[in-house]
Each structure stands twice: as structure tokens, then as C-alpha cells.
Protein chains: 2
Amino acid sequence: MARTIGSHSGTTRPRIRAAALRLFARHGYAAVSMRKIAAEVGVQAGALYNYTPDKQSLLVDLMQGHMRDLLAAWNDVPQGETPLDALEAFTRFHIRFHSGRPDEVFVSYMELRNLEPENFAVIEGLRRDYEEQLETIIRQGIATGDFVATEPKVTSMAVIAMLTGVNTWFRQDGRLSLDDVEALYWEMVRKAVAA
Amino acid sequence: MARTIGSHSGTTRPRIRAAALRLFARHGYAAVSMRKIAAEVGVQAGALYNYTPDKQSLLVDLMQGHMRDLLAAWNDVPQGETPLDALEAFTRFHIRFHSGRPDEVFVSYMELRNLEPENFAVIEGLRRDYEEQLETIIRQGIATGDFVATEPKVTSMAVIAMLTGVNTWFRQDGRLSLDDVEALYWEMVRKAVAA
DNA sequence: CTTTTAAATGAACAAATGTTCAGTTAAAAG
DNA sequence: CTTTTAACTGAACATTTGTTCATTTAAAAG
């Protein structure tokens, strides 16, 4: 059999993406076979190669898409007037964006070592771009005297690590709302860099 | 051939552990075969089974050993008089301990999903034990009025995430010494929970 | 209805996987 | 020197791996 009833052209590609993302996040890139992805989509393994040249490209596309989405979304956020406003905007944006995409975040963070060198360089570059957004805010706050930080780069890394950590415990249906969490973390970030 | 010249009884076991740790950290548990571990030790794959019942046990032993070492080492740290002293002790200990064992930390954090459920429960329990050490300190600081934190558990998670993040960028031969880093992070932690 | 074509099958490939085990070797014990 | 035994080899096993491709099917175009 081929072209089974109900197969439409536009549907399969996103379903492959979604299945790959889900499985990579749950079990890890190396532990997931093309056959398992295909089974999740309801298709034979060979069919995947109509949509991706190989397994690695599946991973790269997911990670690159995530990093591009992240940078684009941050670009759409109003930065506010002062460095303090900008830092609050970044804090709240980072938590909200990442908590809404746990699988993408997990894969993009955990599977870096499974990227071939050239692909790694691309993703790592996008990550650095994002980190520099925060570093810039912190440097501006230091310049205006709003923040105290002797090592802005270190401070950026510390803040990002803290914020990304939300994903390890936060659940949408938990006791605390996303607004609660944003407020809690913003208070800690604010105090940590306060003059 | 077997029992090649220079093979001593006590040597192979730790070398297998070291090779497995190194390779798991570099490439991930699922991507590392028993043959690759054996090759790193200079032995055939079959020989590994004189020392481990299976591949999973190799991973569990590494992770369990790491968590036990962590809890034991923290137990040996003088806690100080006040909650503030205890928090500083924890902050400095966490950074120092983790930065000295990057491979163990990486594996223990990244390979949780490759543990069979019962093994996962054990490791997760040990992790919770450690996290509760910090939570207790924070609760005591709140009780004495030294700290302000409306959600002690969240604060603990935030602080630990921030501290563990050091491992993503810190290098022993970098510009900043371990003491520098400890001081930088301690200032941020102190301010973040300050009353 | 007929033709075209995109989408999927299913079998095949060599290579690699975790694990077992009978046999071999060299160190330790007597 | 002889015996014992722990340590290791090397081949074998059934599965699974990523990927290719000739073939088949059903939807779209005319």
C-alpha cells in the first residue's frame, strides 16, 4: 500500500517535526530511531526521507527553528525606557517563552553534543546572540548606575541559568501561575543586580 | 591472547569507570557502545562484563557515586553560625564541588532520562535530599528575618540552577579563578535573598 | 474518464548494537 | 616446577540501526 486514505500533502511534514521533537525530548536524539519517529507519525521509515535528507537535519532544523523563534520573539518585546524596565522585560519574556516550549528548550540544550561541528557552530552562534541581549542590558544598567556587577558576562550567564531552571520544575497546572513565577524570579533578579 | 602483560587485577575496574564517565559525558549514554568503552580501556567488549552486569549499571553506578560523594562532602562542610554563614558555605561549596567534577555533573544531569524507572527514583531521591539542604537554610534565614523569600522551594531551585550554571562556562585555566567566581556568585545570591 | 505525479510502501543493505560463553593465557598459590 | 584461577579473548547471537530504491497507490489535473 501507499498513499493511504486520509494522507494529505501538507500534513506529514509538521507531524514528523512534532514526533521527532517529542521523542528527542523524551529519550534523546541517539536513542530515537527513524523507525520510531515514523511509527509515531503512522508511516514507514522510508517515507521520512521525502522530508529530510537525514536524521541529523531533523535535529538541526528543530534547534535552529527554536533559536530563530526565540530571537524573533524577543525582538518583538517592547524594551521599556530604563535598563531596569528592560531587565524586567527580559526576565519575564525568558520565563514565559521557555516555559511554553519545554521540549524545544530541552532538546536545544541537551543535544548540542550530537551536532556535527558545523551545525554546532551555527546553533552556538545563535545562542550567543541571545545571551548578548541580556549582557547589553546589564552593561547599560551599570553605565547608568542602576546595576552593580563587576563581571557583566558572568552576571548574564548566572541570570540566564537561573531563569532557564524554571523549566525543571514548573508545571502549567501547578500551584503557582506563570505570573506568580515571573514575579518571584523578577524580584530575585532585580535584587541580585541592584545598586 | 588473554591476560596481556601489565594487566593487574585492581586496575581495570576504575579504568572502565573513568572511560565510561568520559565517553558518556562527551557523547551521551545512548551514543556510546560497550565496544567503545572497552577500546578506551584497551580491552575487548566481553571483558567489561567481569565488572558490570550490564551497560545500565555502569551509568547508575556513576550517578549514584556522584550523588553520594556530593552529600558526603556537604556533610563535612562546617555550616557556620548564622543562616547567612550557612548560605555562603553552601554557595561556595556547590560551585567548588561541581566545577571540579564537570563530567560527573554533566552525566548526572543529562542522563536521567536513560535510567530505568527504579534507578531514576533512587537518583532523584538523592537529588531531592541535596536540594532540601539548601531549602532548610533558606527557611531558617526567613525564620530569623535574615532572608526574604515568599516561596523557599522556588528560591532554592533558582539558586541551585544559577550555581550549577557555572559549569557551562567556567574553565580552570580561564581569566577568573575559582575564588573569584565564588565571590561573584555569593554576592548575587546574598543580595537575591537579602531582607 | 484518463493521465500525471506526489506520497508512501516494503524489502533490502551493510554496519553496529548489548550480551553470552567456551576457550586461552598469565599471574598467584602450593 | 606444577596446579589453580582470575582476567581476558574472540567468535557468535539475534536485533536494531540509518539509508536507498524500485514499486505501488491514490489524489490532482486535464
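Order of the sequence lines fixes the chain letters, A, B, ..., with proteins taken first and strands second; residue numbering starts at 1 for each chain. Quick note: numbers below take in every heavy atom, side chains included, and nothing from hydrogens, waters or symmetry partners.
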For [Y], does its backbone N or O pair with a side-chain atom of [X] as donor and acceptor, under 3.5 Å?
X       : Y       : value
H98(B)  : H94(B)  : yes
E111(B) : Y29(B)  : yes
D85(B)  : Q79(B)  : no
Q56(A)  : E116(A) : yes
D69(B)  : H66(B)  : no

Return the pairing partner of dA12(D) with a 3.5 Å limit on both distances, Watson-Crick or G-U wobble; otherwise return none.
dT19(C)
Sort out the partner of dG30(C) for me: Watson-Crick or G-U wobble, both distances under 3.5 Å, none otherwise.
dC1(D)
Rounded to whole angstrom units, what separation is found between the [atom1] atom of [X] and the [atom2] atom of [N]?
X       : N       : atom1 : atom2 : answer
K55(B)  : dT17(C) : NZ    : C1'   : 8 Å
M34(B)  : dA11(D) : CE    : P     : 20 Å
L48(B)  : dG10(D) : CG    : C1'   : 14 Å
R13(B)  : dA6(D)  : CZ    : C1'   : 12 Å
E116(A) : dG18(D) : CD    : C1'   : 13 Å
N114(B) : dG18(C) : CG    : P     : 12 Å

For [N], does either OP1 or OP2 sit under 4.0 Å from a side-chain N or O belonging to [X]?
X      : N       : result
S33(B) : dT17(C) : yes
K36(A) : dT17(D) : yes
T12(A) : dA7(C)  : no

Check: protein-nucleotides 20-22 of chain C nitrogen or oxygen pairs below 3.5 Å:
none

Nearest to the side chain of [X], which nucleotide is it out of [options]?
X      : options                   : answer
Q44(B) : dG18(D), dA12(D), dG10(D) : dG10(D)
R35(B) : dT19(D), dT9(D), dG18(C)  : dG18(C)
Y51(B) : dT9(D), dC8(D), dG10(C)   : dC8(D)

What's V32(B) touching, base or sugar-phosphate or nothing? Going by heavy atoms closer than 4.0 Å.
sugar-phosphate
On the side chain of N50(A), is there an atom forming a donor-acceptor pair with the base of dA8(C) - under 3.5 Å, no angle test?
yes
Can you give each donor-acceptor pair under 3.5 Å made by side-chain atoms of residues 31-43 of chain B, sequence neighbours left out, with the distance rounded to 0.1 Å?
residue : atom : partner : partner atom : Å
S33(B)  : OG   : K36(B)  : N            : 3.2
K36(B)  : NZ   : A31(B)  : O            : 3.3
E40(B)  : OE2  : R22(B)  : NE           : 2.7
E40(B)  : OE2  : R22(B)  : NH2          : 3.1

Which donor-acceptor pairs under 3.5 Å do the side chains of residues 186-195 of chain B make with protein atoms, sequence neighbours left out?
residue : atom : partner : partner atom : Å
K191(B) : NZ   : A192(A) : O            : 3.2
K191(B) : NZ   : A194(A) : O            : 2.9

